[in-house]
Every structure is written in structure tokens, then in C-alpha cells.
Amino acid sequence: MDAIKSLLPIIFMFAIFYFLLIRPQQKRQKAVRDMQSNLKKGDKIVTIGGLHGTLESIDDTIAVIRTNDGAKLTFDRNAIREVKEEAAL
């Protein structure tokens with residue numbers, strides 16, 4: 001019984017770490033994977049580096065992004081951070 005009492009604080013600390021650090025990070029990673037798997041041509045996106053543009057074409061690993069000045073840039077699909085939603089007027 002004393003062994004269980006001595007392990008209880010360690011188990012409690014692991015539970016705290018799981019619910020405060022590990023689980024939220026896993027949820028964020030799942031959301032990013034879902035967003036990246038649902039990308040389609042014409043989406044307005046932002047890359048990890050902060051580049052804003054529109055998806056010109058996309059395949060399994062490569063995304064071609066058109067910027068506002070008409071330049072086409074090639075990025076890894078994983079470099080896309082978010083899809084921008086158009087603001088309603």
C-alpha cells in the first residue's frame with residue numbers, strides 16, 4: 001500500500017502533463033493534417049513563412065501558389081499554415 005502512495009504523485013503529474021501539454025498538441029496536429037488534406041485549387045492560403053497567395057495547383061507533396069503580383073511559387077504542401085476565410089461584407 002505504501003508503494004502505491006509513493007507512486008501516486010508521479011502518476012498525478014503524468015496526468016497533468018498529458019491533459020495540459022500532450023493532448024492539446026495532438027489536437028492541433030490533427031487539425032493541421034485535416035486542413036492540409038482538404039486543400040484544393042483556388043484556396044486562399046498563408047504559408048509558414050507568412051506568404052499570402054492562392055493555390056494554383058496541388059498534388060501529394062508540392063503546392064504551386066500564385067501571389068497577388070502574378071508570380072507562381074512552388075512550396076512543399078507541408079509549408080501551408082492556414083486557409084484564409086473571406087470576410088463577409
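All figures in this text were calculated on a predicted structure; none of them were measured in a lab. Numbering starts at 1 and runs along the sequence shown.
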Remaining members of Val83's ILVMFWY cluster at a side-chain heavy-atom cut-off under 4.5 Å?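 Members besides Val83, by chain and number: Met35, Leu39, Ile45, Leu51, Leu55, Ile58, Ile65, Leu73, Phe75, Ile80.
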
Examine distances only and state if a side-chain atom of Asp76 and a backbone atom of Asn78 form a donor-acceptor pair shorter than 3.5 Å.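 Here the side-chain-to-backbone pair does not exist.
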
Judged by atom type as modelled, is there a donor-acceptor pair below 3.5 Å linking the side chain of Glu82 to the main-chain atoms of Val46?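 It does not hold such a pair.
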
How long is the gap from OG on Ser6 to CD1 on Ile11, to the nearest 0.5 Å?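 Those atoms lie 9.0 Å apart.
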
Could you state the interatomic distance from CZ (Phe12) to CZ (Phe17), rounded to the nearest 0.5 Å?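 Between Phe12 CZ and Phe17 CZ, I get 11.5 Å after rounding to 0.5 Å.
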
Going by salt bridge (Lys or Arg N to Asp or Glu O under 4.0 Å), name the pairs with one or both residues in residues 3-32, residues two or more places apart or in two chains.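 Applying salt bridge (Lys or Arg N to Asp or Glu O under 4.0 Å) to every pair that reaches into residues 3-32, excluding sequence neighbours, yields Lys30-Asp34.
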
Dump the intermediate steps for side-chain contact (heavy atoms from CB on, under 4.5 Å) on Thr61 and Arg77, then the final yes or no. CA-CA 5 Å; Thr61 58; Arg77 184 181 192 131; 5.6 Å; no

